[in-house]
Amino acid sequence: MDRFDVCIGGAGVIGLALSYQLLKSFPKASVVLIEQESSFGQHTSSRLSEVIHAGIYYPPGSLKAKLCVEGKASLYEFCDTYRVPYRQIGKLIISQSDSDTTLTSLERNAKSNGVHDLEYWTEDRIRIAEPAIRAKSALFSPSTGIVDSHQLMTSLLGLSEQKGLLFAPRTKITSVHPYGQGFELDTRIYDGRKPKTYKFKAKWFINCAGLWSQQLAETIENLPASCIPRRFLCKGDYFDYQGTNPFTHLIYPLPDPKLAGLGIHSTQDLSGRLRFGPDAEYIDAVDYRITSNKRNAFAQAIRRYFPALEADKLTPAYAGVRPKISGPGDQPGDFVIAGPKESGVPGLVQLFGIESPGLTASLSIGSSITQLIKQISL
Ligand SMILES: Cc1cc2nc3c(=O)[nH]c(=O)nc-3n(C[C@H](O)[C@H](O)[C@H](O)COP(=O)(O)OP(=O)(O)OC[C@H]3O[C@@H](n4cnc5c(N)ncnc54)[C@H](O)[C@@H]3O)c2cc1C
């Protein structure tokens with residue numbers, strides 16, 4: 001039977017960033033990255049805003065705050081080194097009041113997270129920079145940017161393969177059997193004809209299956225149910241805007257604590273194409289379908305800060321689904337990175353709830369799992 005040092009389940013941006021960080025630290029390790037789809041990044045990692053977040057919103061001391069701030073720096077450095085396209089265009093969090101306490105508390109929160117570069121902007125300052133925006137005050141975050149997430153994942157995969165990563169697309173992990181110091185894994189390979197089964201061994205198994213982390217965890221023999229947090233799916237739709245893009249920055253409304261996301265904001269890709277979203281809707285099963293039914297609700301939300309919006313120029317674009325571990329009305333959950341100590345299973349690391357800012361944090365998540373493996377031994 002084939003044996004690997006590490007098996008990573010799931011080739012989204014997290015599995016790819018982990019492969020890269022692992023092989024940078026352990027160049028001689030044998031690492032296999034298993035992906036059920038025909039290519040990498042077909043789910044959450046390609047259905048997102050592509051924003052490099054600054055680290056403003058997350059509770060101080062949380063993994064989200066720590067890994068976002070560290071990950072942002074690592075991501076900009078990675079993009080510079082490997083020529084991954086990005087633009088540090090900055091972001092405005094806008095308010096319709098000139099003495100908004102939410103902005104002040106966001107700034108305080110950001111400082112506690114190590115983000116010290118926020119600027120408070122007045123209505124006049126906003127009007128000069130973003131004449132199409134209606135707002136009385138804003139927080140400007142200069143370190144926020146946008147990145148080509150597909151190119152990022154392509155680079156992470158290429159660099160990992162140069163160091164010997166075995167990437168196995170069209171392969172689904174169907175069950176995981178811990179035995180003493182390692183795992184025996186059952187997979188099914190879908191190569192167009194009849195699916196084949198393939199069994200192999202790995203010393204470490206890292207569950208990076210995103211929306212399916214809980215399902216994959218359930219296939220781990222004898223894993224106590226208490227090690228598997230409940231999964232909540234929260235869909236976010238995006239609309240493209242066919243009109244001219246009047247914005248030079250990303251524009252975000254104030255976060256609504258009752259909503260599960262950051263509010264319908266403007267984002268743009270590297271070619272400057274304007275898009276709005278995502279909204280937040282809890283759903284029962286992963287479903288990426290999107291219709292124009294929400295156009296009016298989107299137009300209403302966007303017109304609060306962009307009054308000249310022409311609603312008929314909003315066209316349904318795509319949807320992503322947040323892999324949450326907290327439900328409607330609950331306090332937002334943190335990232336969960338559960339190692340052998342948490343599960344009692346040597347060599348097992350599981351990730352749950354890797355929603356936003358997971359893209360920003362991907363390299364730091366990869367590096368923290370690598371540290372965990374280093375502390376124990378490969
Ligand atoms: C609407 C939305 C907007 C977002 N915007 C941003 C943003 O602007 N900035 C930011 O930093 N973050 C953002 N995020 C968060 C970010 O997209 C995610 O944190 C990140 O993409 C998660 O990556 P992942 O690798 O964990 O998951 P995924 O990309 O879903 O990858 C998991 C992979 O595991 C595979 N898999 C599952 N089960 C199996 C199995 N049994 N065998 C083999 N393979 C399996 C899946 O096919 C999939 O490819 C956003 C998320 C959403 C939903």
Side-chain angles (χ1 to χ4, degrees), residues 7-19 32-55 58 64 67-68 71-72 75 91 144-147 149-150 152-153 156 167-176 185-190 205-220 233-238 250 252 260-262 264-265 267-269 275 277-281 283 286 288 290 317-324 335-337 350-366:
C7 168
I8 302 170
V13 72
I14 302 297
L16 289 161
L18 171 60
S19 309
V32 62
L33 173 61
I34 307 278
E35 170 54 50
Q36 63 187 359
E37 302 293 352
S38 58
S39 187
F40 58 86
Q42 300 291 296
H43 289 284
T44 312
S45 300
S46 55
R47 299 174 162 277
L48 70 174
S49 303
E50 297 192 299
V51 173
I52 301 177
H53 286 294
Y58 319 108
K64 281 185 179 172
L67 297 172
C68 178
K72 171 182 64 173
L75 188 50
K91 139 177 170 177
T144 301
I146 47 175
V147 61
S149 55
H150 186 78
L152 170 67
M153 290 189 279
L156 290 167
F167 175 47
R170 292 189 198 83
T171 306
K172 181 173 177 158
I173 301 169
T174 50
S175 59
V176 182
L185 291 106
D186 290 309
T187 65
R188 206 166 292 144
I189 304 174
Y190 298 88
F205 171 59
I206 325 289
N207 175 357
C208 296
L211 292 163
W212 296 275
S213 285
Q214 279 85 345
Q215 264 164 276
L216 186 49
E218 280 162 12
T219 75
I220 302 174
L233 303 173
C234 184
K235 183 166 177 260
D237 291 2
Y238 289 85
L250 303 172
Y252 281 61
L262 295 179
I264 295 175
H265 55 81
T267 181
Q268 44 186 291
D269 59 24
R275 192 182 303 134
D279 64 348
E281 179 190 352
I283 53 173
V286 175
Y288 297 128
I290 163 162
Y318 60 88
V321 178
R322 303 168 180 90
K324 285 187 174 288
F335 291 156
V336 174
I337 303 179
Q350 304 208 84
L351 277 67
F352 300 103
I354 311 297
E355 52 175 329
S356 195
L359 172 76
T360 311
S362 53
L363 284 165
S364 53
I365 291 175

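Residue numbers run from 1 in the order of the sequence given. In listed order, ligands and their atoms are each counted from 1. Computed from a prediction, not measured in an experiment: that's the story for all the values here.
When side chains are defined from C-beta on, Y190 does not count as touching S38, because their heavy atoms never get closer than 4.5 Å. Looking only at side-chain heavy atoms (C-beta outward), L351 and F335 stay at 4.5 Å or farther from each other.
Among V321, L18, L48, I365, the residue whose heavy atom lies closest to atom 53 (C) of ligand 1 is V321.
Under 4.0 angstrom from ligand 1, the non-hydrogen atoms of H53 all belong to its side chain.
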### Query
Is there a side chain to side chain contact (heavy atoms under 4.5 Å, CB included) between H150 and F40 once you walk through the steps?
CA-CA 9 Å; H150 186 78; F40 58 86; 3.9 Å; yes
### Query
Would Q36 and R188 count as a side chain to side chain contact (heavy atoms under 4.5 Å, CB included) if you check the C-alpha gap in whole Å, the side-chain angles of each, and the deciding distance to 0.1 Å?
CA-CA 9 Å; Q36 63 187 359; R188 206 166 292 144; over 6 Å; no
#### Entry: Full working for side chain to side chain contact (heavy atoms under 4.5 Å, CB included) between L156 and L363
CA-CA 10 Å; L156 290 167; L363 284 165; 4.0 Å; yes
### Query
Please walk me through it: do D269 and R275 pass side chain to side chain contact (heavy atoms under 4.5 Å, CB included)?
CA-CA 8 Å; D269 59 24; R275 192 182 303 134; 3.7 Å; yes
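For ligand 1, the atoms closer than 4.0 angstrom to any heavy atom of G358 are 11 (O), 12 (N), 15 (C), 19 (O). Using a 4.0 Å cut-off to heavy atoms of I34, the atoms of ligand 1 that qualify are 43 (C), 44 (N). Heavy-atom proximity to A209, at under 4.0 Å, picks out these atoms of ligand 1: 32 (C), 34 (O), 37 (C), 38 (N). Set against the non-hydrogen atoms of E355, the atoms of ligand 1 under 4.0 Å away are 15 (C), 19 (O). Below 4.0 Å from some heavy atom of E37 lie the following atoms of ligand 1, by number and element: 47 (O). The contact set between ligand 1 and W212, taken as ligand atoms under 4.0 Å from a residue heavy atom, comprises 37 (C), 38 (N). Atoms of ligand 1 lying under 4.0 Å from any heavy atom of P357, numbered from 1 in the order shown and given with element: 10 (C), 11 (O), 12 (N). Of all atoms in ligand 1, numbered sequentially from 1 with element shown, those under 4.0 Å from a heavy atom of R322 are 53 (C).
Atom 16 (C) of ligand 1 has L359 N, 3.8 Å as its closest protein atom, hydrogens excluded (heavy atom only). Atom 8 (O) of ligand 1 has its closest protein heavy atom at V51 N, 2.9 Å. Among all protein heavy atoms, the one lying closest to atom 35 (C) of ligand 1 is E35 OE1, 3.2 Å. The nearest protein atom to atom 19 (O) of ligand 1, hydrogens excluded, is given as I354 O, 2.7 Å; this is a heavy-atom distance. Considering only non-hydrogen protein atoms, atom 24 (P) of ligand 1 sits nearest to I14 CG1, 3.6 Å. At the shortest separation from atom 41 (N) of ligand 1 among protein heavy atoms lies I173 O, 3.2 Å. With respect to atom 5 (N) of ligand 1, the closest heavy atom belonging to the protein is S49 N, 3.2 Å. Protein heavy atom in closest approach to atom 31 (O) of ligand 1: G12 CA, 3.3 Å.
In this structure, Y238 is part of the shell of residues with a heavy atom less than 4.0 angstrom from ligand 1. At least one heavy atom of T171 lies less than 4.0 angstrom from ligand 1. Heavy atoms of R47 approach ligand 1 to within less than 4.0 angstrom. At least one heavy atom of C208 sits less than 4.0 Å from an atom of ligand 1.
The two atoms that bring A217 and F352 nearest to each other are CB-CZ, 4.1 Å, heavy atoms only. Of all the heavy atoms in G9 and F205, the pair that sits closest is N-CE1, 4.1 Å. The shortest non-hydrogen separation linking S149 to L359 is CB-CD1, 4.1 Å.
For a threshold of 3.5 Å applied to N or O pairs, the pair formed by L216 and ligand 1 contains no separation below that value. In terms of polar-atom proximity, Q36 is counted as a contact of ligand 1, with an N or O under 3.5 Å from an N or O of the ligand.
Between the side chains of D186 and S175, at least one donor N or O lies within less than 3.5 Å of an accepting N or O.
Partners of Q350 by side-chain hydrogen bond (donor to acceptor under 3.5 Å, both in side chains), not counting sequence neighbours, listed by chain and number: N207. Listed by chain and number, the residues in a side-chain hydrogen bond (donor to acceptor under 3.5 Å, both in side chains) with Q268 are N245 (sequence neighbours excluded).
Geometrically, K91 engages Y252 in a cation-pi contact defined by less than 6.0 Å to the ring centre and at most 45° from the axis.
For the side chain to side chain contact (heavy atoms under 4.5 Å, CB included) with T144, the qualifying choice from I52, T360, V51 is V51, the only one to do so.
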